[in-house]
Amino acid sequence: CDVLHPQGFDSFGLPAENYAIKTGTHPKETTAQNIENYIRQMKSLGFGYDFGEKIITSSPEYYKWTQWLFTQFFEHGLVYKKTASANWCDSCKTVLANEQVVDGKCERCKNEVTQKEVPGWFFKITDFADGLIEGLKGVDWPEHTKKNQINWIGKSEGALIKFPISSSQFSIEVFTTRPDTLFGAMYMALAPEHEMVSNLKKQITNWDEVEKYVNDTKKKTERERVENKEKTGVELKGIRAINPANNEEIPVFIADYVLAHYGTGAIMAVPAHDERDWKFAAKFNLPKPPVVEPYFVKNGGEDGVRDDKQTIEREAITAIVKHWTEDKYIVLKWKKVDWHTFITGGVENGQTPEEAARAEVLEETGYKDIKNASELSRFHSKFFHVPKDENRLAHFHTFYFELGSGEREIVSTDEQKHHEVLWLMPEETVKVLTPPGHLYVWNELKNGTSAYLGEGILANSEKFDGMGSEEAKKAITDFVGGTMTNTYRLRDWSISRQRYWGAPIPVVYDSNGSPHIVPEKYLPWLLPEDVDFVPTGTAPLAKSEELKKRTEEIFGKGWTPETDTMDTFVCSSWYYLRYPNPHNENMFCSGERLRRWLPVDLYIGGAEHTYMHLLYARFFTRAMRKIGLIDFDEPFLKLRHQGMVLDKNGVKMSKSKGNVVNPDEITERFGADAVRLYMMFAGPLDEDVMWNENGIVGTYRFLEKVWRLSQMCADSAGRKTETLLHKTIKKVEGDIEELKFNTAISAMMIFVNTAEKEGITQKQYEAFLKLLAPFAPHMTEELWCELGYVASIHLEKFPIADPAHSKDEERVIAVQIDGKTRDTFTVPQDADDKAIEEMAVSREMVKKWLNGKTISRIIVAKGKIVSIVTER
RNA sequence: GCCUAGGUGGCGGAAUGGUAUACGCGAAGGUCUCAAAAACCUUUGAGCGCAAGCUCAUGGGAGUUCAAAUCUCCCCCUAGGCACCA
């Protein structure tokens, strides 16, 4: 079949620009030189690309279409302008990428970096969030890559709820995934950047403190806010919010753990059911009342809920009882069922739960001297009560009792029939306890109360008490007039860069400052060349007289050009659509060629592209389909990752570390084929490869053996060689299909080692050379020529494995006795399980090991293993 | 802190429920040689044993199974990524 295996150069970007700044050479020139060198090196390694079809993203021929796509997106409402916070160096007057910020300082001038609102163009990738999640179902990608993208997009289902600010006309909207916990909201927290902070300035009585906190936050990079473990914040004194569920006033804080760009930039804080809110509330002495009580449903097992049985709902108690002198606790071991529990029982009419608990302790264990009593958290539980033969939905009150002495009454024989009273140490208790609810209260007793994050049954929530979390989410949202909605952690894609070496954004501004796209007939909107690209604090393109003149000549006096360039990820988000038709001057790609070649069948790239490139490319594909430019949703049907090459200390190779290997030098020493083989042999494709020159010696020797083998071809050879040849063809073919080049090479090494010993015919040797040809293209071509062929070996068909030849006459059977391999023997290939079993038990070795034991079971597995199990 | 992927000889790795350590590197001994290099042959997980062979070993601990590097749970460590996601 036809394969399009193209190669291109993503040549815009910061590294090229930095290199140009350093050397004073225009990036256009260095880029051209580098491309030429790369192509030469790739050719010397025998890479079979068609370099006539190459793409260079920094060429006007290509970026014309990058710009054209921008204008298409613009016209279809997928582009907009807004300000967003970015790392800003006030000394360089420039935006910095996270990696250019070192310890909160600019890597170039060491000036302190602050967060600044910077205007820029954005692509509406969030419009496609659901599709980007759904689309992953239909593609053959590594599971972990899919998982990572889904987590990155981060869909949360929740509600928008408004909290009025008392004695003002304002209200603040929050997004929450847990509207069921609204009655437990004890404070609100706003991102320090939240617009309401300045709106409410007049009413805030501690403005100085608030302003200082806002300014301090600006000094933190988002990363520092993330890594800060201690929760900080400042209360907005003089401001109170009203919890719309119960109309109670709660304090309002600003806190940097709340991020402006997620949700609404404001949260309702429920200390009892969120870990961060719990910590924050603890620090600021705020109450933490629980409003959701844990609910455990037991499914499966002896005590799992059974659909065919009736369910009895009742109030219940459970009690943890501590020994009067030792650190031991009462656990009941049940007799009719495999249960270990604390003391449990029902609450009778007229009893308080505590009375019921005390009575139950007395009844079941006889102990009566309860010295200290305290109440623990409530929980709910649904399970099948084996002794009572019915499902139970029990609402538990839990108590902790400390005994004062061992004073005890006699326990009725009836109770004794049900369970045995054990006194257990804490570590034993944890091990044996059956009900999850009991483990939960035990944890609370031992480790103190903490935030309960799960769902459950509502309490302290007025008329919603007793409702399940799931149902309550909608009910409470409706009750306060909120709306159910989804939020994503994915943010819109900022594509503006204040740099020189990128595709100019094809936008001009009229004299009022309103943006207009550059019409198609003026594309490519060329990157001006009369620009000093050394950074001076103004955007490089703003310094171009030519660009200014061009804009005025075309659009009129007073019109000005956009001076930002595009993020290079824009260029790389659609290049695969250009590959089938790279020189088309009328379209980004003809419809015919799109249908012929796309989507991409197999895409190989590093795992580091999971969140950016791969997501952006998928967004582009979906956006272009929406516009009607293409007719598929997913650009890459099958994706596999390749690993990085590390130096021998396991460090990523990079120019800045000076640990890179020059392919020219290494090819000179070992030859391209040995280097290629080593790279493939060193490990699985998707794992990193440690560069170790000693390893190349191995593949070099292998190639020498292959060469020598050409002198050893005879008229006939052992049957072994023929069998192995067909096995090897099958193995190599399958491994290539699965991209397991390391094991394919291993199989070929085994073949050569065997052929050396067993002999080889010319026909077998020729078949082997064809197998090796894709791996070692140069040497196999040479040998092919020496054999007298005129046409290239690379035009030959791949050998076909003959199943009739790839089967051995015999196979080896292993015998395991009680799980240990004790003997092996060979049987004819066609032996059946019955015969194998009979042979196994008649073996001397097997008889010896079976000496005096009775066989209870014999398993013949996959015609390979006989497993004999004796009675124990 | 969170997400993802890993942890197998001296080293790179093989085996995805069925004889652990394929293949390669390195190392030791030998053949050839005046010598060396190259090449070739033998050995090479640990321990015990004259040997046949036995015991132990896939980060640690528990479990499921006739059988676990492989499946389940807990813990430890390493790498990569990260935007405290309400």
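Numbered from 1 within each chain, the chains take letters A, B, ... in sequence-line order.
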Over 60° means perpendicular and under 30° means parallel, so classify the ring planes of A:Tyr452 and A:Tyr440, tilted if in between. perpendicular
Classify the ring geometry between A:Phe569 and A:His613 as parallel (under 30°), tilted (30 to 60°) or perpendicular (over 60°).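 Correct class here is parallel.
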Starting the side chain at C-beta, find the nucleotide from [options] nearest to [X].
X	options	answer
A:Arg489	B:rC66, B:rU55, B:rC85	B:rC85
A:Met845	B:rC85, B:rG53, B:rC40	B:rG53
A:Val258	B:rU4, B:rA86, B:rU55	B:rA86
A:Asn753	B:rC25, B:rC23, B:rA83	B:rC23
A:His261	B:rC85, B:rU4, B:rC23	B:rC85
A:Trp152	B:rU4, B:rA83, B:rC56	B:rA83
A:Arg822	B:rC66, B:rC54, B:rC25	B:rC54
A:Tyr262	B:rC66, B:rA86, B:rC23	B:rA86

Need to verify one output field. Residue with the more 5' nearest nucleotide on RNA chain B, A:Lys705 or A:Asn694?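 This one resolves to A:Asn694.
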Given that A:Arg701 and A:Thr145 both sit by RNA chain B, which one's nearest nucleotide is further toward the 5' end?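 In this pair, the answer is A:Thr145.
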Say you pick atom [atom1] in [N] and the same atom in [M]; how far apart are they, in whole Å?
N	M	atom1	result
B:rC11	B:rG18	P	25 Å
B:rA27	B:rG45	C1'	14 Å
B:rA69	B:rG60	C1'	14 Å
B:rU42	B:rC25	P	14 Å
B:rG29	B:rA37	P	12 Å
B:rG26	B:rU19	C1'	27 Å
B:rA67	B:rA15	C1'	16 Å
B:rG12	B:rA22	P	15 Å

Let's go through A:Ile133 and A:Lys155 carefully: what are the C-alpha distance in whole Å and the side-chain angles of both, what is the deciding distance for side chain to side chain contact (heavy atoms under 4.5 Å, CB included) to 0.1 Å, and is it a yes or a no? CA-CA 9 Å; A:Ile133 294 170; A:Lys155 181 176 183 168; 3.9 Å; yes
When you check the side-chain N and O atoms of [X] and [Y], is any donor under 3.5 Å from an acceptor?
X	Y	answer
A:Gln115	A:Asn87	yes
A:Asp673	A:Tyr700	no
A:Tyr213	A:Thr232	yes
A:Asp818	A:Thr870	yes

Aromatic centroids of [Y] and [X] separated by under 6.0 Å:
X	Y	answer
A:Trp691	A:Tyr678	yes
A:Tyr257	A:Phe280	yes
A:Phe253	A:Phe284	yes

Using a heavy-atom cut-off of under 4.0 Å over every strand shown, decide if A:Arg708 touches base, sugar-phosphate, or nothing.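 A:Arg708: backbone/sugar contact only, no base atoms under 4.0 Å.
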Using a heavy-atom cut-off of 4.0 Å across all strands, would you classify A:Ile745 as base, sugar-phosphate, or nothing? nothing
Inspect the contact between A:Lys288 and A:Asp277 and indicate whether a charged nitrogen and a carboxylate oxygen are less than 4.0 angstrom apart. no
Think A:Thr487 has a side-chain N or O under 4.0 angstrom from the OP1 or OP2 of B:rC85?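 For B:rC85, OP1/OP2 do not have a side-chain N/O of A:Thr487 under 4.0 Å.
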Within less than 4.0 Å of OP1 or OP2 of B:rG53, is there a side-chain N or O belonging to A:Lys820? no
Which string of ( ) [ ] | and . matches RNA chain B, if you list each base 5' to 3' and count Watson-Crick or G-U pairs only when both distances are under 3.5 Å? (((((((..(((.....[....)))((((((.......))))))((((....))))..(((((..]....))))))))))))....
Tell me: [atom1] of [X] to [atom2] of [N], nearest whole Å?
X	N	atom1	atom2	answer
A:Met712	B:rA39	CE	P	16 Å
A:Ile153	B:rC85	CD1	P	17 Å
A:Asn148	B:rC3	CG	P	11 Å
A:Tyr700	B:rA39	OH	C1'	13 Å

Which label fits B:rG61, syn or anti, where anti is any glycosidic angle not within 90° of 0? anti
Filtered N/O pairs between nucleotides 11-20 of chain B and protein, under 3.5 Å:
residue: B:rG12; atom: O2'; partner: A:Ala682; partner atom: O; Å: 2.8
residue: B:rA14; atom: OP1; partner: A:Asn742; partner atom: ND2; Å: 2.9
residue: B:rG18; atom: N2; partner: A:Gln816; partner atom: OE1; Å: 3.1

